[in-house]
Amino acid sequence: MAKAIHSMIRVLDENRSADFYRQAFGLETADRLDFETFTLVYLRNAESAFELELTINKGRTEPYALGDGYGHLAVSVDDLDAEHARISGLGYATGKIVEFERDGNLLARFFFVTDPDGYKIEVVQRHGRFE
């Protein structure tokens with residue numbers, strides 16, 4: 001069976017992105033590989049071995065076009081209201097908390113936050129399939 005190990009996004013500013021993911025989600029640098037034309041930074045926290053790979057292409061100055069194919073990353077948290085207040089308090093662009101129901105049953109409570117490069121991250125209350 002295949003095991004998911006990481007997801008990669010391209011970012012312009014390594015420090016700005018690393019700070020965002022550390023402050024918002026507690027992701028720390030697990031590894032950093034520097035090459036002549038690009039740098040790879042692997043971020044993770046104690047909650048999971050799954051990593052977010054930041055790719056920084058040296059010399060790139062233009063923001064990346066996210067296109068219409070990118071959706072979002074998702075993380076789950078114990079206390080959605082507290083995390084919404086905390087992340088908003090850090091000055092990051094957060095959306096409102098949404099309750100998603102089907103047939104009168106709560107499927108998910110969540111909000112989105114946008115990282116410095118425009119990527120959306122869904123923050124979901126741990127519940128049901130989102131434990």
May I have the list of side-chain donor-acceptor pairs in residues 23-32 shorter than 3.5 Å, sequence neighbours left out?
unit_1: Gln23; atom_1: OE1; unit_2: Tyr92; atom_2: OH; d: 2.5
unit_1: Arg32; atom_1: NE; unit_2: Glu14; atom_2: OE2; d: 2.7
unit_1: Arg32; atom_1: NH2; unit_2: Glu14; atom_2: OE1; d: 2.9

May I ask you to list the residues sharing a hydrophobic cluster with Phe50, side-chain cutoff 4.5 Å, ordered by chain and number? none
Who else is in the cluster with Phe100 when I, L, V, M, F, W and Y are joined by side-chain contacts under 4.5 Å? Val98, Leu107, Phe110, Phe112, Val124, Phe130
Taking it one step at a time, do Tyr42 and Glu51 satisfy side chain to side chain donor-acceptor pair (under 3.5 Å)? CA-CA 6 Å; Tyr42 295 91; Glu51 295 178 325; over 6 Å; no
Is there a path of hydrophobic side-chain contacts, each under 4.5 Å between heavy atoms, that joins Phe38 and Leu33? yes
Not counting sequence neighbours, which residues clear salt bridge (charged side-chain N to carboxylate O under 4.0 Å, His left out) with Asp117? List them please. Arg16
Quick one: side-chain hydrogen bond (donor to acceptor under 3.5 Å, both in side chains) partners of Asp34, sequence neighbours excluded? Thr39, Lys58
Restricting to pairs with a member in residues 99-108, which pass side chain to side chain donor-acceptor pair (under 3.5 Å), not counting sequence neighbours? Glu99-Arg109
Tyr64: partners by side-chain contact (heavy atoms from CB on, under 4.5 Å), with sequence neighbours left out: Arg10, Leu12, Asn57, Arg60
Sequence-distant partners of Glu83, salt bridge (charged side-chain N to carboxylate O under 4.0 Å, His left out), two or more places apart: Arg86
Any link between Met8 and Phe20 through a network of hydrophobic side chains (Ile, Leu, Val, Met, Phe, Trp, Tyr) touching at under 4.5 Å? no
Keeping to residues at least two apart or across chains, list the salt bridge (Lys or Arg N to Asp or Glu O under 4.0 Å) pairs with something in residues 65-80. Asp78-Arg126
Partner residues of Asp19 under the salt bridge (charged side-chain N to carboxylate O under 4.0 Å, His left out) criterion, sequence neighbours left out: Arg22
Quick one: list whatever passes salt bridge (charged side-chain N to carboxylate O under 4.0 Å, His left out) with Lys96, sequence neighbours left out. none
I'd like to check the side-chain contact (heavy atoms from CB on, under 4.5 Å) partners of Ala74; sequence neighbours left out, ordered by chain and number. His72, Glu122
